[in-house]
**Student:** 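Here you go, one structure.
All values below come from the heavy atoms of this structure, side chains included, with hydrogens, waters and symmetry mates left out. In what follows, every chain begins at residue 1, and chains take the letters A, B, ... in the order their sequences are listed. Owing to the predicted nature of the structure, the values given are computational and were not obtained by experimental measurement.
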Amino acid sequence: MPTKKESTPKKKERLSRIITELRQHYPEPRIALDYSSPFELLIATMLSAQCTDERVNQVTKALFKKYRSPNDYIAVPQEELEQDIFSTGFYKAKAKNIQSCCTRLLADFDGEVPQTLEELTSLAGVGRKTANVVLSHCFDIPGVVVDTHVTRLVNRMGIAEGEDAVKLEFALMKLMPSEVWRDFTHLMIMHGRAVCSARSKPKCAECPVAADCPKLL
DNA sequence: AACTCGGGGCA
DNA sequence: TGCCCAGAGTT
């Protein structure tokens, strides 16, 4: 069922309408990302792998009272950190990566969080997604975070095709209205959970952007 | 490109 | 019980 390819300007226009509508529908973006420092956001995002942001918030609430600096994370045995982040899953790998990451922050970056994609992804446990979250939300550097929600939704909405996260990232950067890249992922996630869901059937009857969805045309 | 780490939520 | 979750590293 190869539908005719939509032109880039049309896609841009449609994406812009979708985002405008979603912004009105989901009025409070970035709740889950309201951390007090780049370092806290970095740790929280590292913990978020294959784990909901609600759980990450729950865990970090206690975690950030106990650990306030890179030094605090490497001052405890790995097993202790594992217990403190246990319920986020993948706790052994995450604890190891966090300690390794903190060691390098102290050794190579004067204990601060670096501000380039290359430096961030050179840290243990920090990949493209985590790096883009930190860059876009802490340092106001344009970047599109491609996660499972974004991948699912842009495919369903016919904005971009495929599963390759890097390809989707570049495709979306070209289509993204310049003023919205910062909220894009959050809007996709809110919408993905509430309406355009992965597990249960999408609730298309309640969808605020159904008029722009090729699935329903 | 496929596989592994992994507890937790939800259908 | 089975599938999925604001991923990243290794082979």
**Student:** Under 4.0 Å between any heavy atoms, over every strand shown, what does A:Ala165 touch: base, sugar-phosphate, or nothing? Just pick one.
**Tutor:**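 No contact at all - A:Ala165 keeps every heavy atom at 4.0 Å or more from the nucleic acid.
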
**Student:** Give me the atom names and distance for the closest heavy-atom approach of A:Ile98 to A:Ile43.
**Tutor:**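 Heavy-atom minimum between the residues: CG2-CD1, 3.9 Å.
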
**Student:** Taking NZ from A:Lys129 and P from C:dC5, how many angstroms apart are they, rounded to a whole number?
**Tutor:**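 Result: 10 Å.
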
**Student:** Tell me whether A:Phe90 and C:dG7 count as stacked here, given that the ring centres must be under 5.5 Å apart and the planes must differ by less than 30 degrees.
**Tutor:**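 Whether judged by distance or by angle, A:Phe90 passes, so it stacks on the base of C:dG7.
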
**Student:** Between B:dG9 and C:dA8, how far apart are the two C1' atoms, rounded to whole Å?
**Tutor:**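 So the two C1' atoms sit 22 Å from each other.
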
**Student:** Which nucleotide wins on minimum distance to the side chain of A:His149, given the candidates C:dC4, C:dA6, B:dG6?
**Tutor:**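 Of all the options, the side chain of A:His149 is nearest to C:dA6.
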
**Student:** Calculate the interatomic distance between A:Ile85 atom CD1 and B:dG6 atom C1'; express it in whole Å.
**Tutor:**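 So the CD1-C1' distance, A:Ile85 to B:dG6, works out to 11 Å.
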
**Student:** Do the side-chain N or O atoms of A:Arg55 get closer than 4.0 angstrom to the phosphate oxygens (OP1, OP2) of C:dA6?
**Tutor:**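 No, no such contact exists.
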
**Student:** Rounded to whole angstroms, how far apart are CD1 on A:Ile98 and P on C:dA8?
**Tutor:**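 The answer, rounded to whole Å, is 12 Å.
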
**Student:** Can you see whether A:Thr116 engages A:Glu119 through a side-chain donor-acceptor pair at a distance of less than 3.5 angstrom?
**Tutor:**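 Short answer, yes.
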
**Student:** Take atom P in C:dA6 and the same atom in B:dC3, then report the distance between them in whole Å.
**Tutor:**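 Roughly 23 Å separates the two P atoms.
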
**Student:** Could you check how far NZ of A:Lys92 sits from C1' of C:dG7, rounded to whole Å?
**Tutor:**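 Answer to the nearest Å: 20 Å.
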
**Student:** Could you tell me the separation between the NZ atom of A:Lys94 and the P atom of C:dA8, rounded to a whole number of Å?
**Tutor:**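 Between P of C:dA8 and NZ of A:Lys94: 10 Å.
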
**Student:** Suppose you measure atom P in B:dG6 against the same atom in C:dT11; what distance do you get, rounded to whole Å?
**Tutor:**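 It comes out at 16 Å once rounded to the nearest Å.
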
**Student:** Between A:Cys51 and A:Asp164, name the one whose nearest nucleotide on DNA chain B is closer to the 5' end.
**Tutor:**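 With A:Cys51 and A:Asp164 compared, the 5'-side residue is A:Asp164.
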
**Student:** Among C:dA6, B:dC5, C:dC5, which is the nearest nucleotide to the side chain of A:Thr185?
**Tutor:**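 Of all the options, the side chain of A:Thr185 is nearest to C:dA6.
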
**Student:** Please work out whether the ring planes of A:Tyr73 and A:Tyr67 are parallel, tilted or perpendicular, with thresholds of 30° and 60°.
**Tutor:**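 Rings of A:Tyr73 and A:Tyr67: parallel, as their planes differ by under 30°.
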
**Student:** A:Asp53 has an atom CG; how far is it from atom P of C:dG7, in whole Å?
**Tutor:**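 After rounding, the reported distance stands at 9 Å.
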
**Student:** Closer than 4.0 angstrom, basic N to acidic O: yes or no for A:Arg17 and A:Glu13?
**Tutor:**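 So A:Arg17 pairs with A:Glu13 through a salt bridge.
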
**Student:** Under 4.0 Å between any heavy atoms, over every strand shown, what does A:Gly89 touch: base, sugar-phosphate, or nothing? Just pick one.
**Tutor:**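 If one applies the 4.0 Å heavy-atom cut-off, A:Gly89 turns out to touch a base.
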
**Student:** Mind listing the closest non-hydrogen atom pair of A:Phe39 and A:Ser69 along with its distance?
**Tutor:**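 The answer is CE2-C, 3.7 Å.
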
**Student:** Go through B:dG6, C:dG7, C:dA6 for me and flag the one nearest to the A:Ala49 side chain.
**Tutor:**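 The answer is C:dG7.
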
**Student:** Considering only C:dA6, B:dG7, C:dA8, which nucleotide approaches the side chain of A:Thr130 most closely?
**Tutor:**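 So the side chain of A:Thr130 is nearest to C:dA8.
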
**Student:** Please state how far atom CD1 in A:Ile189 lies from atom P in C:dA6, giving the value in whole angstrom units.
**Tutor:**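 After rounding, the gap between these two atoms is 6 Å.
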
**Student:** Is any side-chain heavy atom of A:Asp72 less than 4.5 Å from a side-chain heavy atom of A:Lys66?
**Tutor:**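 Heavy-atom side-chain distance check fails, nothing below 4.5 Å.
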
**Student:** How long is the line joining CD of A:Glu40 and P of C:dA6, in whole Å?
**Tutor:**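 In whole Å, C:dA6 P and A:Glu40 CD are 21 Å from each other.
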
**Student:** For A:Val126, report the nucleic acid contact type (base, sugar-phosphate, nothing); a contact means any heavy atom under 4.0 Å.
**Tutor:**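 A:Val126: backbone/sugar contact only, no base atoms under 4.0 Å.
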
**Student:** Report which part of the nucleic acid A:Leu123 touches: base, sugar-phosphate, or nothing (heavy-atom distance under 4.0 Å, all strands).
**Tutor:**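 A:Leu123: backbone/sugar contact only, no base atoms under 4.0 Å.
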
